[in-house]
Amino acid sequence: MASALLVEAVDRVPDVARIAVLRANALGDFIFVLPALEALRVAYPQAEIVLLGAPWHARLWRDRPGPVDRVLVVPPAPGIRTATGGEPESGMVDFLAAARAERFDVALQLHGGGANSNPLVAALGARVTAGLRAEDAPPLDRWLRYVYYQHEVIRYLEAVALVGAPATTVTPALAVTATDRAEALTVLGESERPRVALHPGATDTRRRWPADRFGQVARTLHADGYEVLVTGTPVEQDVVDRVVTAAGVPVRPQVGTLSLAGLAGCYAGCELVVSNDTGPLHLAAAVGTPTVGIFWVGNLITTAPVLRGRHRPITSWTVHCPVCGVDCTPGIYPHRPGDGDCPHRDSFVTDVPVAEVTEAARELLFR
């Protein structure tokens with residue numbers, strides 16, 4: 001069918017026993033799709049929902065309550081996911097044969113514009129395929145146009161509505177298990193002070209607020225009586241070290257000490273998480289912890305928490321590269337003047353003042 005304009009009017013697919021959902025990318029990306037998975041669970045309560053994901057999805061979802069019943073790990077493939085931990089970049093033929101044997105009734109593409117992912121979903125052999133479609137992507141049975149500047153949560157809620165699964169929530173939520181909390185307790189121990197966590201890393205360095213400013217926030221929160229954790233992945237060791245040095249007060253760096261599940265348990269035990277716009281920020285929000293996030297304005301539109309009761313996204317309005325001055329927005333606006341291509345990766349969020357972040361943090365902590 002053509003792109004549905006009134007997605008809320010689409011009927012459910014009859015006789016659905018098994019649903020495949022392709023979403024094999026990073027942590028934050030997965031958090032955004034949780035409300036769509038919840039909508040599927042409510043609409044198809046008896047169906048098995050199978051996530052086509054990455055190895056880390058299988059580890060995170062092991063014995064965790066929620067809308068995913070099972071994870072099938074998708075082999076590395078261009079536009080789907082990159083190989084990790086020495087995985088061979090092969091195996092798609094065998095994967096598709098095994099997936100077709102599952103006899104999926106519905107297959108959903110919630111993985112982006114679809115240039116690479118729509119052919120994969122179509123090859124699953126499901127009775128009905130549905131999802132997103134950019135201009136360069138082949139169609140599915142039911143599809144919705146991929147438009148870049150749309151909030152990610154709403155985008156995927158619209159996509160699952162194509163198979164008759166209307167939204168039940170706009171707030172991503174991830175259950176925290178006793179195992180998660182036990183790992184965090186084993187690593188961190190009990191605290192005599194209430195805890196807060198800072199996460200100064202981000203894969204895209206343009207989304208990183210300067211480390212010395214995180215250090216100033218750490219110093220303020222420590223003076224307010226909080227134990228301050230500084231979390232990071234092993235590749236973020238340097239930025240964590242710089243925050244610890246800039247803080248000048250006792251803080252606790254946690255680099256590679258916790259699994260992803262343990263990090264969920266850690267954040268669930270914190271009063272607040274202050275972070276760049278990156279996966280751990282969205283994980284913290286999903287486990288119910290208040291957050292202060294530093295966002296570039298474009299990402300504010302697409303990924304910031306939808307609600308403001310417990311979350312404060314602080315916005316940078318920078319759109320020109322701080323190195324060469326190029327306007328980095330026209331790439332998706334071809335009729336506007338300027339050149340959106342820029343090779344630099346310097347931070348676009350340095351104009352966010354420390355005072356705005358500390359005020360937002362204190363507002364959430366002291367209310």
Side-chain angles (χ1 to χ4, degrees), residues 28 31 193-233 236 238-255 263 266-319 322 346-367:
I31 297 296
R193 293 175 160 208
R195 282 186 175 130
V196 297
L198 311 183
H199 190 89
T203 303
D204 187 343
T205 54
R206 293 173 297 180
R207 290 188 272 118
R208 288 188 181 182
W209 201 43
D212 65 298
R213 301 192 193 176
F214 274 104
Q216 293 179 59
V217 174
R219 192 158 56 248
T220 296
L221 296 180
H222 179 271
D224 286 341
Y226 292 90
E227 179 186 53
V228 180
L229 309 177
V230 186
T231 58
T233 63
E236 295 166 342
D238 177 64
V239 68
V240 170
D241 289 344
R242 285 187 278 126
V243 172
V244 171
T245 299
V249 295
V251 298
R252 296 185 63 185
Q254 299 296 317
V255 178
L263 187 64
C266 165
Y267 286 163
C270 290
E271 302 298 316
L272 178 75
V273 171
V274 181
S275 173
N276 296 315
D277 167 29
T278 188
L281 175 72
H282 304 294
L283 175 66
V287 301
T289 301
T291 66
V292 176
I294 295 102
F295 284 83
W296 176 64
V297 60
N299 297 126
L300 180 85
I301 295 169
T302 58
T303 68
V306 177
L307 305 181
R308 295 292 178 269
R310 296 167 60 84
H311 307 291
R312 298 291 184 274
I314 311 298
T315 311
S316 167
W317 297 90
T318 298
V319 296
D346 293 58
S347 175
F348 270 57
V349 295
T350 58
D351 61 329
V352 171
V354 172
E356 289 185 10
V357 175
T358 55
E359 286 173 4
R362 283 172 153 173
E363 179 191 359
L364 290 170
L365 289 168
F366 300 161
R367 59 186 176 172

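Only a predicted model underlies this, so the values are computations on that prediction, with no experimental measurement involved. Starting from 1, each residue takes its place in the sequence as its number. Scope of the values below: all heavy atoms of this structure, side chains included, with no hydrogens, waters or symmetry mates.
The two atoms that bring R219 and A247 nearest to each other are NH1-O, 3.0 Å, heavy atoms only. In terms of heavy-atom proximity, P322 sits nearest to S347 at CG-O, 3.5 Å. For the residue pair F214 and H199, the shortest heavy atom distance occurs at CZ-O, 3.8 Å. Pairing each heavy atom of A360 with each of R312, the nearest pair is CB-CB, 3.9 Å. Between E271 and P194, the shortest heavy-atom distance links the atoms CG-CB, 3.8 Å.
No option in V228, L198, I314, L281 other than L198 meets the side chain to side chain contact (heavy atoms under 4.5 Å, CB included) test with V274. A side chain to side chain contact (heavy atoms under 4.5 Å, CB included) with P200 holds for exactly one of V240, V244, T278, V217; it is V240. Shown are V243, L221, T358, V354; of these, the side chain to side chain contact (heavy atoms under 4.5 Å, CB included) with Q216 is made only by V354.
Side chain of R206 to main chain of F348: no donor-acceptor pair is present (N/O by atom type, distance under 3.5 Å, no hydrogens or angles). Checked by atom type and distance alone, the side chain of R195 never pairs as donor or acceptor with a backbone atom of E227 at under 3.5 Å. Of the possible polar contacts, none joining the E356 side chain to the P353 backbone as a donor-acceptor pair under 3.5 Å is found.
Applying the side-chain contact (heavy atoms from CB on, under 4.5 Å) test to S316 and every residue at least two apart in sequence or in another chain returns T318, V349, D351, V352.
With values rounded to the nearest 0.5 angstrom, N276 atom CG is found 9.0 Å from E236 atom CD. The CG atom of L272 sits 6.0 Å away from atom CG of L364, with the distance rounded to the nearest 0.5 Å. In this structure, CD on Q254 lies 8.5 Å from OG1 on T231, to the nearest 0.5 angstrom. Annotation: the span from L283 atom CG to I31 atom CD1 amounts to 5.5 Å, rounded to 0.5 Å.
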Can you list, pair by pair, the side-chain donor-acceptor contacts under 3.5 Å of residues 284-295, counting residues two or more places apart and other chains?
unit_1	atom_1	unit_2	atom_2	d
T289	OG1	Y267	O	2.6
T291	OG1	H311	ND1	2.8

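Considering only heavy atoms from C-beta on, R362 comes within 4.5 Å of T220 through its side chain. Counting heavy atoms from C-beta on, the side chains of F366 and D224 come closer than 4.5 Å. Between R310 and R367 the shortest side-chain heavy-atom distance falls below 4.5 Å.
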